[in-house]
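Computed from a predicted model, the values in this text were never measured in an experiment.
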Amino acid sequence: MEAAQQLRNSSLMSCTCHRRMKNQATCLNIYWTIHPARSLGDYELDVSPYEDTVTRKPWKMNLSKLNMLIPDSDLCLKFAMLCTLNDKCDRLRKAYGEACSGSRCQRHTCQRQLRAFFEKASEPHSQGLLLCPCAPTDQGCGQRRRNTIAPSCALPPEAPNCLELRHVCVSDPLCRSRLADFQTHCHPMDILGTCATEESRCLRAYMGLIGTALTPNFVSNINASVALSCTCRGSGNLQEECERLEESFSHNPCLSEYLPSAPSPSDSISFFPQNKNPALRLQPWVPTLFSCTLTLILLLSLW
């Protein structure tokens with residue numbers, strides 16, 4: 001106890017970790033050694049161990065530009081093609097696709113490759129694939145969006161109890177860190193749904209959970225609601241606590257602001273709330289990739 005107290009009085013108490021650092025696992029192990037575990041019955045588990053870095057400005061894409069890529073196809077298919085045309089995104093996507101395929105499915109390997117994709121792929125590519133907007137009647141688009149994280153392999157075949165799933169998560173330093181990050185940045189502070197931190201941090205914290213024991217996903221092909229793959233049946237006198245955990249994903253006002261809605265041709269895609277200060281919004285993001293892609297398509301059609 002004296003040794004632990006000395007550690008808490010040292011500079012290690014203020015250390016944090018980087019999400020993309022090479023020795024992230026070692027750093028997180030050190031962090032949780034210094035910050036002793038709280039009771040698992042305490043829903044507000046911990047403060048995020050990740051450094052609260054200055055977030056980049058949100059990217060925004062004009063749908064009319066994206067529609068030029070593959071006319072008459074849904075946005076999820078367009079974002080999949082954008083990923084294929086980018087060497088890094090394509091390589092990372094193929095890696096988790098192979099690891100998560102039905103014949104080769106090993107859940108831990110699949111989840112590790114999923115984490116690698118969402119950590120290393122550029123945000124326009126990873127967010128576009130995960131959060132592409134679909135019309136409510138376009139179930140093919142919705143199915144592609146749900147299948148982005150390979151749920152048949154990455155998620156448990158039968159829904160376990162949510163509290164049991166959380167117990168598995170907090171036993172793993174990485175999953176515990178991602179959960180703490182999500183609770184820190186996606187926690188509504190009042191009944192109006194005012195979020196504790198900037199908009200971008202909640203979305204990144206949500207994506208950080210993908211590939212962990214608490215991997216969330218879209219509930220169906222026809223809407224943009226998300227939930228954990230677990231149930232609160234059999235929670236006994238912890239039913240209320242279990243429902244709080246479940247609702248932190250399914251009924252989270254901070255998170256729901258970033259979930260995709262049905263697109264219209266005149267819209268722009270932005271993974272940040274549209275009702276915020278217009279002065280903070282960027283002009284439409286039009287990457288050089290489009291011009292290169294369109295040139296390539298025209299050349300192939302003339303060949």
Chemist: In Å, rounded to the nearest 0.5 Å, how long is the span from CG of Asp90 to CG of Leu85?
Modeler: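 Between Asp90 CG and Leu85 CG, I get 8.5 Å after rounding to 0.5 Å.
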Chemist: Identify which one of Arg19, Arg178, Arg204 satisfies the salt bridge (charged side-chain N to carboxylate O under 4.0 Å, His left out) criterion when paired with Glu119.
Modeler: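 Option passing the salt bridge (charged side-chain N to carboxylate O under 4.0 Å, His left out) with Glu119: Arg178.
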Chemist: Is it true that Glu243 and Gln239 share a donor-acceptor pair across their side chains at a distance under 3.5 Å?
Modeler: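 The criterion, which ignores hydrogens and geometry beyond distance, is satisfied for Glu243 and Gln239.
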Chemist: Taking only Lys NZ, Arg NE, NH1 and NH2, and the carboxylate oxygens of Asp or Glu, determine whether Arg233 and Glu158 approach each other closer than 4.0 Å.
Modeler: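 Answer for the salt bridge query: no.
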Chemist: Using every non-hydrogen atom in the two residues, find where Cys27 and Thr16 come nearest and quote the distance to one decimal.
Modeler: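 Smallest interatomic distance, heavy atoms only, reads SG-O, 3.7 Å.
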Chemist: Are Pro157 and Arg107 packed together at the side-chain level, in the sense that at least one heavy-atom pair is separated by less than 4.5 angstrom?
Modeler: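 Yes, at least one pair of side-chain atoms sits under 4.5 Å.
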Chemist: SG of Cys254 to NE2 of His185: how many Å apart, nearest 0.5 Å?
Modeler: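 Output value for this atom pair is 12.0 Å.
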Chemist: What verdict does the side chain to side chain contact (heavy atoms under 4.5 Å, CB included) test give for Thr184 and Tyr50, after you've listed the backbone C-alpha separation in whole Å, the side-chain angles of each residue and the deciding distance to 0.1 Å?
Modeler: CA-CA 10 Å; Thr184 298; Tyr50 292 107; over 6 Å; no
Chemist: Within the 4.5 Å heavy-atom criterion, are Asp181 and Arg201 side-chain neighbours or not?
Modeler: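 Side-chain contact under 4.5 Å: no.
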Chemist: Minimum heavy-atom separation for Ser14 to Ser11, with atom names?
Modeler: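 Minimum heavy-atom contact is OG-O, 3.0 Å.
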Chemist: Hey, is CG on Asn9 packed in by over 12 heavy atoms from elsewhere, all under 6.0 Å?
Modeler: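 Check passes, neighbour count above 12.
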Chemist: In terms of relative ring orientation, are Phe249 and Phe182 parallel, tilted or perpendicular, with 30° and 60° separating the classes?
Modeler: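 Rings of Phe249 and Phe182: parallel, under 30°.
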Chemist: Using a strict threshold of under 4.0 Å (side-chain N to carboxylate O), is an ion pair present between Asp87 and Arg91?
Modeler: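 Looking at Asp87 together with Arg91, the answer is no, because their closest N to O distance does not fall below 4.0 Å.
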Chemist: Does Val226 belong to the same Ile/Leu/Val/Met/Phe/Trp/Tyr cluster as Leu245, with side-chain heavy atoms less than 4.5 Å apart forming each link?
Modeler: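 Same cluster: Val226 reaches Leu245 through Ile, Leu, Val, Met, Phe, Trp or Tyr contacts under 4.5 Å.
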Chemist: Determine if the SG-SG distance between Cys162 and Cys230 falls under 2.5 Å.
Modeler: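 Taking the criterion (SG atoms under 2.5 Å apart), Cys230 and Cys162 satisfy it, so yes.
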Chemist: Look up atom CG in Asn23 and atom NE2 in His18, then write down how far apart they are to the nearest 0.5 Å.
Modeler: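 Result: 11.5 Å between the selected atoms.
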Chemist: Would Ser171 and His167 satisfy side chain to side chain contact (heavy atoms under 4.5 Å, CB included), going step by step from the backbone distance to the final call?
Modeler: CA-CA 6 Å; Ser171 300; His167 179 79; 4.1 Å; yes
Chemist: So which of Phe117, Tyr96, Phe79 actually passes side-chain contact (heavy atoms from CB on, under 4.5 Å) with Thr148?
Modeler: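 Single side-chain contact (heavy atoms from CB on, under 4.5 Å) partner of Thr148 among Phe117, Tyr96, Phe79: Tyr96.
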Chemist: When you measure from the SG of Cys76 to the SG of Cys134, is the result less than 2.5 Å?
Modeler: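 Disulfide absent: SG-SG distance not under 2.5 Å.
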Chemist: Starting at CD of Gln139, measure out to CG of Asp74 and round the result to the nearest 0.5 Å.
Modeler: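 Spacing of CD (Gln139) from CG (Asp74) equals 12.5 Å.
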Chemist: Kindly determine whether Arg166 and Glu241 satisfy side chain to side chain contact (heavy atoms under 4.5 Å, CB included), including the steps that lead there.
Modeler: CA-CA 11 Å; Arg166 188 185 68 180; Glu241 180 183 346; 2.6 Å; yes
Chemist: Do Ile222 and Phe218 land in one hydrophobic cluster if side-chain heavy atoms of ILVMFWY residues count as linked below 4.5 Å?
Modeler: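 Shared cluster, no.
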Chemist: Kindly work out whether a path of hydrophobic side-chain contacts (I/L/V/M/F/W/Y, heavy atoms less than 4.5 Å apart) joins Val168 to Leu174.
Modeler: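 Per the 4.5 Å side-chain linkage, Val168 and Leu174 are not co-clustered.
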Chemist: So, taking the atom named CG in Leu28 and the one named SG in Cys17, what distance separates them when rounded to the nearest 0.5 Å?
Modeler: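 It is 4.5 Å, given to the nearest 0.5 Å.
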Chemist: Are Thr212 and Arg115 packed together at the side-chain level, in the sense that at least one heavy-atom pair is separated by less than 4.5 angstrom?
Modeler: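 Result yes, sub-4.5 Å side-chain heavy-atom pair found.
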Chemist: Does any N or O in the side chain of Asn217 come within less than 3.5 Å of the main-chain N or O of Arg146, such that one atom is a donor and the other an acceptor?
Modeler: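 Answer holds: yes.
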Chemist: Nearest 0.5 Å please: distance from the CG atom of Leu165 over to the CG atom of Leu214.
Modeler: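 If we round to the nearest 0.5 Å, Leu165:CG and Leu214:CG are 5.0 Å apart.
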Chemist: Quick one: closest heavy-atom pair of Tyr31 and Ser48, and the distance?
Modeler: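 Looking at all heavy atoms of both residues, the shortest contact is OH-O, 3.8 Å.
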Chemist: If you compare all heavy atoms of Pro173 against all heavy atoms of Ser177, which two are closest, and at what distance to 0.1 Å?
Modeler: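 Taking every non-hydrogen atom into account, O-OG, 2.6 Å.
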Chemist: Check Met13 against Ile34 and note the closest heavy-atom contact, atom names and distance.
Modeler: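 Closest pair (atom of Met13, atom of Ile34, distance): SD-CG2, 3.1 Å.
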Chemist: What do you reckon, Cys100 and Cys105 SGs under 2.5 Å?
Modeler: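 In this structure, Cys100 and Cys105 share no disulfide.
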Chemist: Do Met81 and Lys78 come within less than 4.5 Å of each other through their side chains, counting heavy atoms only?
Modeler: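 In short, these two side chains do not touch, never coming nearer than 4.5 Å.
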Chemist: What verdict does the side chain to side chain contact (heavy atoms under 4.5 Å, CB included) test give for Ser235 and Asn161, after you've listed the backbone C-alpha separation in whole Å, the side-chain angles of each residue and the deciding distance to 0.1 Å?
Modeler: CA-CA 7 Å; Ser235 296; Asn161 181 273; 2.9 Å; yes
Chemist: Would Cys110 and Cys153 satisfy disulfide (SG to SG under 2.5 Å), going step by step from the backbone distance to the final call?
Modeler: CA-CA 7 Å; Cys110 173; Cys153 182; 3.8 Å; no
Chemist: How about Leu130 and Ile210: do any of their side-chain heavy atoms sit closer than 4.5 Å?
Modeler: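 They are in side-chain contact.
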Chemist: I need the minimum non-hydrogen distance between Ala99 and Gln113, along with the two atoms involved.
Modeler: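 Between these two residues, the closest heavy atoms are CB-CG, 3.7 Å.
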